[in-house]
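The structure appears below as structure tokens.
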Number of protein chains: 2
Amino acid sequence: MSRIADPKAKIMLLRAAEEVFAEKGLAGAKVEEIARRAGVSKGAFYLHFESKETALKQLLESFLARCHSYFAPPAAYPGLPEDPADLLDFSLARDVQIYEFLWQNRAFLRILPSCQGNTDYLVIAFRAEIDATTREWVDYWRREGIFRPEVDADLAATLIGGAYNELSTRMLLAETRPQLEDWLRFALETFFRAFGTPEMVAAVDFRNQRVSQGIGGRVADALSNQMMDRSRATRDHKERRHI
Amino acid sequence: MSRIADPKAKIMLLRAAEEVFAEKGLAGAKVEEIARRAGVSKGAFYLHFESKETALKQLLESFLARCHSYFAPPAAYPGLPEDPADLLDFSLARDVQIYEFLWQNRAFLRILPSCQGNTDYLVIAFRAEIDATTREWVDYWRREGIFRPEVDADLAATLIGGAYNELSTRMLLAETRPQLEDWLRFALETFFRAFGTPEMVAAVDFRNQRVSQGIGGRVADALSNQMMDRSRATRDHKERRHI
DNA sequence: CCCTTTGATGACCGGCGGGTCAACTATAGG
DNA sequence: CCTATAGTTGACCCGCCGGTCATCAAAGGG
């Protein structure tokens, strides 16, 4: 009995909404345009969403949740490498993973700045979360003797967060995928040089020599092959270090 | 003959508009509210401005022009000190001056993120200009042998710009004036350590020792005196114009 | 083939707020 | 005091768009 709902409708609407929100922002986006791009009527939009804000909130929550799994604190990586060079490789591989994800979702990233009104608390909370996670990393690195003890964790996290955020902004302006690896290596070295102990800075220099001699990072390969299996990846680092 | 126009009206409207735009953004700001806060009628608003956008544009142009004079390229400072410690002092004093200005105009800074629609090109152009100026400084420092030659000027400028931008964002969240000097010293040292030649990094360390021994910077004092003179001069100039 | 049920449509409603203008008011000159 | 002139007002107009609902269409059961 009765008619069956189009199962693609909601997905198409979400996709269209993502597009239009990214182009126009919350206020500028028109429900009619979202519906038209999804190939359905305006009324159909309201079969799936209570309001325009609801749709944006739904999109945001889903995206931020996916982001969340990428911006993990150090506690989420039980077996972090201790060797400075391996640590650099690991961090770079992790950054590349994150920015690859951001690049894939660049359409979505464009929505965030436009969240100025009723939904901005979501973005603000997310930024605060990122900032706290960055701070955790700085604290961790300081405890591990990688960063100098006198480095102010709050300020360091602010600078790091701002710099990386600017990189993502710059990525959004690019038409083709930038050399994220180069960008992120540069950023990583910048902050390791700035905040690292003299030993760490020396390790950065040494690693650059090694790289310029054509010897690639070992950990980076391991991590990109086994993205999800962190414990195995770190076990690999340790084993190889003894070779 | 005839009635004389209220000379305060436009100024009051601009002030009120600044307030409301800062609180609500372009779209959220209502002409009626601006007029009410200025103590005039809605119609009076349109005696002075063609439209809501015009008012915002006028405010923006004026503010960005004032900003412009602060973000000067190295060419604007003919006699830059060559001694590393003095250079640090000079740069810090300059940064403090800029951020002091930004702090004084923090209400205005809050408007910028909300410029998403018809006026965003102004902000975008301004950001690009800041970025270019930062790049000029990086290039200059590299030419002067203060930054290492292999430092990528574009990426360095991006990171620096992002980090300093984040500092200003964080400043906007503060209720009382933060210790800008500490923040900016931290940021300055961060990037001088990251990009500086080994000699420069040594100078940073040496300077910290000197400062911790209570010996203040000489150049900083000289510059801050000079800068106070300059801001006092412009303030006087404005007061005279308003009389 | 009709009836019921439920998905889908788009014309329509209503409020919001940018912008206008007829009416009003203050001032100066005669 | 009167009149001309120009500043000031706020009620009103109107387009836009979020949200609704009478109406139609599709699917399945009897």
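In this text, all values refer to a predicted model and were calculated from it rather than measured experimentally. Each chain gets a letter, A, B and so on, in the order its sequence line appears, and its residues count up from 1. These numbers come from the heavy atoms of this one structure, side chains and all, not from hydrogens, waters or symmetry mates.
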Would you kindly check if the NZ (Lys) or CZ (Arg) of B:R142 is within the cone defined by 45 degrees around the ring axis of B:W137 and under 6.0 Å from the six-membered ring centre? no
Regarding A:A29, tell me which of base, sugar-phosphate or nothing describes its non-hydrogen contacts under 4.0 Å with the strands shown. sugar-phosphate
Could you tell me the separation between the CG atom of B:D6 and the C1' atom of C:dT25, rounded to a whole number of Å? 14 Å
Hey, can you tell me if B:F90 and B:Y77 have their rings parallel, tilted or perpendicular (30° and 60° cut-offs)? perpendicular
Ignoring the backbone of B:S41, work out which of C:dG18, D:dG18, D:dT9 is nearest its side chain. D:dT9
Counting any heavy atom closer than 4.0 Å, what does B:A35 reach on the DNA or RNA strands: base, sugar-phosphate only, or nothing? nothing
Can you measure B:L13 atom CG to D:dT8 atom C1' for me and round it to whole angstrom units? 12 Å
In terms of side-chain heavy atoms of A:K42, which of D:dG18, C:dG18, D:dT9 is nearest? D:dG18
d(CD, B:E50; C1', C:dG18) in whole Å: 13 Å
B:K8 NZ to D:dT8 C1', in whole Å, measures 15 Å
Calculate the interatomic distance between B:E53 atom CD and C:dG17 atom P; express it in whole Å. 15 Å
Just the rounded figure in Å: distance from P of C:dT20 to CZ of B:F49. 15 Å
Mind checking if B:K30 touches a base, just sugar-phosphate, or nothing, with heavy atoms under 4.0 Å? sugar-phosphate
From the list D:dT8, D:dG18, C:dA8, which nucleotide is the closest neighbour of the side chain of A:R3? C:dA8
Quick one: label A:K52 by what it contacts on the DNA or RNA (base, sugar-phosphate, nothing), any heavy atom closer than 4.0 Å. sugar-phosphate
Establish, from distance only, whether the side-chain atoms of A:Y70 and A:R94 form a donor-acceptor pair under 3.5 Å. no
Parallel, tilted or perpendicular: which describes the rings of B:F108 and B:F63, with under 30° parallel and over 60° perpendicular? parallel
First locate atom CD of B:E19, then atom CZ of B:R37, and finally report the distance between them rounded to the nearest 0.5 Å. 5.0 Å
For atom CG of A:L47 and atom P of D:dA25, their distance in whole Å: 17 Å
Side chain of A:Y46 only, please: which of D:dT20, D:dT9, D:dT8 is the nearest? D:dT20
Measure the distance from CD on A:E33 to C1' on D:dC16 and round it to the nearest whole Å. 14 Å
